[in-house]
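Inspection log for the structure reproduced underneath, given as structure tokens.
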Amino acid sequence: MANAKKQLLGLSLDELREVARQLGMPAFTGGQMAKWLYVQHVSSIDDMTDISKKNRQKLAEEYEIGCALPVYAHHSVDGTIKFLFPVSNTSHYVETVYIPDGDRATLCVSCQVGCKMNCLFCQTGKQGFQGNLTAADILNQVYSLPQRDNLTNIVFMGQGEPMDNLDAVLRATEALTADWGFAWSPRRITVSSVGVKGKLKRFIEESECHVAISLHSPISEQRSMLMPANRAMPIEDVVELLRQYDFSHQRRLSFEYIVFGGLNDSTTHARELIRLLKGLDCRINLIRFHQIPNVDLHGADDATMQRFRDYLTQHGIFTTIRASRGQDIYAACGLLSTAGKEGEQKEDAEE
């Protein structure tokens, strides 16, 4: 779209001040814009009422907020809600999952349309890769969420590999955590990765958010079968990189482990996990597998998952079984996909 306006959402305070300068406005107008964006969450430049009408008109000629309401909301019996958000200046959509749990509410955000990683067990990977989200597109999933004010946590565990769109993810997490932005603690945000060479190191050093690694097998050959990205950055290299950083204080390191029945749930796998992660200050989250079409993998039963958890815990690795949420609306881990939704006309989101 050649004449598309530029987006304000995702710009830093310094960048907003530069926008003001270029348009011939006072420098403090950048700070006013930041407040309207990240504190007041306005949907229109015209709502920025302490900026003169002349300057608002000038700003609106070249810029827009960059926000858009979800076009669809699908409600689960367990309270989980899956939203479909439009991607700016495209015909694409991404799915975002809101997960309320007592006094906590977590939002699982997406960073790409589809994904290049093509993990065997993930529906998003079967969709293929169709594009990166901008920082505005990522932030819009929070900004335009009807339940935004209820959120306590954000996890980058939706569609896409965060390290494969690192610049936009870093921009988004900066806006979420900076004093001029949403002013969240980085400890409320977790960013996941399969491990992407060069990118994971940069993320750890440039962000203070929690880190979650998609592990799924401690045996490199088997992990490569499940996760082709392991060939480019084997799990041993991922762990060796992580050993260079201190996760013993407030910043948390976790490993996500989908348990497949008869494949990665043996005592041998548990022992290999203990060997691989020895000395790391971390936790393991065990995840139930959710069946996807044309993939010959099966979930482990509850007794197996509990034995696996107990073995790891007894050997010094804090391990939990993550509750499965939103499976009935295809919102659970590995089930997100917008394949088939491109170009569809959706109704307004349910209230």
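All heavy atoms count here, side chains included; hydrogens, waters and symmetry mates do not. Since the model is a prediction, treat every value here as computed from it, not as a measurement.
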Inset, instruction - Using distance alone, with no hydrogens and no angle criterion, decide if D164 and Q112 have a side-chain donor and acceptor under 3.5 Å apart. - result: yes
Inset, instruction - Examine V39 and L37 and state if one hydrophobic cluster contains both, with Ile, Leu, Val, Met, Phe, Trp and Tyr joined whenever side-chain heavy atoms are less than 4.5 Å apart. - result: no
Inset, instruction - Without swapping roles, check the side chain of E62 against the backbone of K5 for a donor-acceptor pair under 3.5 Å. - result: no
Legend entry - Fellow cluster residues of F28, listed by chain then number, with links counted only when side-chain atoms sit under 4.5 Å apart: none
Inset, instruction - Measure centre to centre between the rings of Y72 and Y93, then say whether the value is under 6.0 Å. - result: no
Side chains of residues 229-238: which donor-acceptor pairs under 3.5 Å do they make with residues two or more places apart or in other chains?
from	atom 1	to	atom 2	distance (Å)
N230	OD1	R223	NH1	2.7
N230	OD1	I235	N	2.9
N230	ND2	S220	O	3.0
N230	ND2	S220	OG	2.9
N230	ND2	S224	OG	2.8

Inset, instruction - Any chance you could measure I258, atom CD1, to L263, atom CG, to the nearest 0.5 Å? - result: 11.5 Å
Legend entry - Test ring-ring contact (aromatic ring centres under 6.0 Å, His included) applied to F121 and H298, H290, H216, the passing residue: H216
Legend entry - NZ/NE/NH1/NH2 to OD/OE distance under 4.0 Å, D281 and R251: no
Inset, instruction - Would you check if the side chain of K126 reaches a backbone N or O of L120 as a donor-acceptor pair within less than 3.5 Å? - result: yes
Inset, instruction - Measure from the side-chain N and O atoms of T152 to the backbone N and O of A105, and report whether any donor-acceptor pair falls under 3.5 Å. - result: yes
Inset, instruction - Could you work out the complete set of other residues in the hydrophobic cluster of M157, with links drawn between I, L, V, M, F, W and Y side chains under 4.5 Å apart? - result: V155
